[in-house]
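What follows is a short report on a single structure.
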Amino acid sequence: MTRLLLLATLALLAATAAQAHTGEGIGGGFLSGFTHPLFGWDHVIAMVAVGLWGAFLGAPAIWLLPIVFPLVMAFGGALGVAGVSVPMVETGIAASGLVLGLMVAFGVRAPLWIAAVLVGVFAVFHGHAHGTELPTAANPYAYAAGFVVATGLLHLAGIAFGTLTQTQTGSWAVRAAGVVIAALGAAFLTGVA
Amino acid sequence: MRRAAAVAFAAAVPSPAAAHVFDPGADPWGQILSAALVPASDPALLLALLPLGVTLGIWRTDGLPRVWPALAAGLAAGAAAAPLAGLSIAFAAILTGLATALLGVAALAWPVWLLATVAAVTGLVAGMTALEGHAPGTLPATIYLGMLMGALVTVAAPFVLVSATRDLVSAPWLTIGWRVAASWLAAIALMLAALRFA
């Protein structure tokens with residue numbers, strides 16, 4: 001009897017998982033998708049760089065690139081969801097930071113179609129990385145909405161900062177940001193970061 | 001032999017999927033409300049209806065009034081054709097939303113007949129998705145009324161937001177912003193359409 005009471009007391013005192021917020025459902029799925037690009041610096045720098053470069057290139061690139069990126073990223077995501085393998089995804093993601101950072105750092109005024117193709121190619125890598133996680137997400141619908149919105153907001157942040165290019169000093173600040181992005185991209189690419 | 005054939009036939013006939021279960025026992029207002037909330041709770045329906053509202057607002061500030069009879073006719077046809085809907089109807093709804101959103105992203109001077117057709121197709125797939133598996137007459141009229149209201153509001157809300165802001169602010173960046181929003185909807189729809197192949 002005493003042993004039984006002791007066991008019962010132990011069972012009551014044993015700590016169980018709280019599970020107040022399990023991350024499941026629509027809210028959890030959205031938050032999971034929303035934070036996925038935000039908590040990965042390799043994603044953040046590339047998406048901000050897209051906005052910065054768009055601001056450097058001016059209209060229509062300033063709005064075309066942020067439209068191209070999510071659409072092509074979704075295509076890459078669809079490949080990931082469908083289980084189609086894309087070679088060197090992580091390398092492509094790291095290279096996107098380096099290349100796009102250099103474009104911003106040097107203020108490269110590439111023709112629109114080249115900029116769109118370059119951004120589109122890198123978007124496939126980023127989308128594939130997100131897409132492979134989609135089917136296992138708590139709520140795939142909310143997850144997809146979350147990471148598309150987060151990606152778009154990162155572009156907007158880049159565009160907002162990129163508007164500084166209208167002044168000489170601001171232009172140098174944006175180029176300096178490009179240098180930082182390129183350096184981080186190189187660090188990811190070489191495995192330093 | 002005849003009995004065996006009847007059993008085989010009964011087994012082969014698909015039973016209604018009834019993805020959305022309605023409560024016919026609720027009071028009429030409860031029935032309307034439960035049906036009206038279906039678009040808000042079904043991602044496939046949302047992804048079919050929201051892009052239509054955004055695209056119509058980008059197209060013209062009077063876009064929805066121009067095509068709403070086609071949308072309503074499509075919804076009615078969808079309700080009638082709901083028993084024919086299979087599991088793939090949600091996929092069709094998402095693809096319809098994807099195509100509609102891309103029309104909004106392009107923001108060209110689309111002819112009225114094209115947007116009216118898109119509205120009718122959207123109504124058709126939305127009606128079939130919302131009432132999937134429910135034969136006409138098996139649900140109270142209030143359910144159909146609620147579904148119609150819910151679908152129209154889900155299109156009208158983004159349309160009013162887009163067209164009203166475009167009426168208030170004539171700057172080009174605003175339309176660009178709505179085109180970006182349409183591209184986000186297209187991106188989400190594309191990703192979710194791919195789930196079918198996961």
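Sequence lines set the chain letters: A, B, ... in the order given, protein chains first and strands last, and positions in each chain run from 1.
Considering A/Thr151, A/Val149, A/Leu71 as possible partners of B/Trp184, the one that fulfils the side-chain contact (heavy atoms from CB on, under 4.5 Å) test is A/Val149.
The two atoms that bring A/Val81 and B/Ala194 nearest to each other are CG1-O, 3.3 Å, heavy atoms only. Here the shortest heavy-atom pairing between A/Ala74 and B/Ala187 reads CB-O, 3.3 Å.
One hydrophobic cluster, built from ILVMFWY side chains closer than 4.5 Å, cannot hold both A/Val179 and A/Trp172; they sit in different ones. Put simply, A/Leu52 and A/Leu153 are part of the same group of oily side chains (I, L, V, M, F, W, Y) that touch within less than 4.5 Å, one to the next. Cluster annotation: B/Leu37 and B/Leu47 are assigned to distinct hydrophobic clusters (Ile/Leu/Val/Met/Phe/Trp/Tyr, side-chain heavy-atom contacts under 4.5 Å, transitive). A/Phe188 and A/Val104 fall within a single hydrophobic cluster, where Ile, Leu, Val, Met, Phe, Trp and Tyr are joined by side-chain heavy atoms under 4.5 Å apart, directly or via other members. Each of B/Leu152 and B/Leu124 belongs to its own hydrophobic cluster when Ile, Leu, Val, Met, Phe, Trp and Tyr are linked at side-chain heavy-atom distances under 4.5 angstrom.
Proximity of A/Ile67 to B/Val105: side-chain heavy atoms (C-beta onward) are separated by under 4.5 Å at one or more points.
A 6.0 Å sphere centred on CH2 of B/Trp68 holds no more than 12 heavy atoms belonging to other residues, nucleotides or ligands.
Taking CD1 of B/Ile188 as the reference point, atom OH of A/Tyr141 lies at 12.5 Å (rounded to 0.5 Å). Atom CZ in A/Phe75 sits 8.0 Å away from atom CG in B/Leu190 (nearest 0.5 Å).
Chain B forms the most heavy-atom pairs under 4.5 Å with one residue out of A/Gly80, A/Gly127, A/Ala78, and that residue is A/Ala78.
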Query raised in the report: Going through the distances and angles, do B/Met191 and A/Phe147 end up as a side chain to side chain contact (heavy atoms under 4.5 Å, CB included)?
Result: CA-CA 11 Å; B/Met191 291 284 305; A/Phe147 93 72; 3.7 Å; yes
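Proximity to chain A is limited to the side chain of B/Leu102, based on heavy atoms less than 4.5 angstrom apart.
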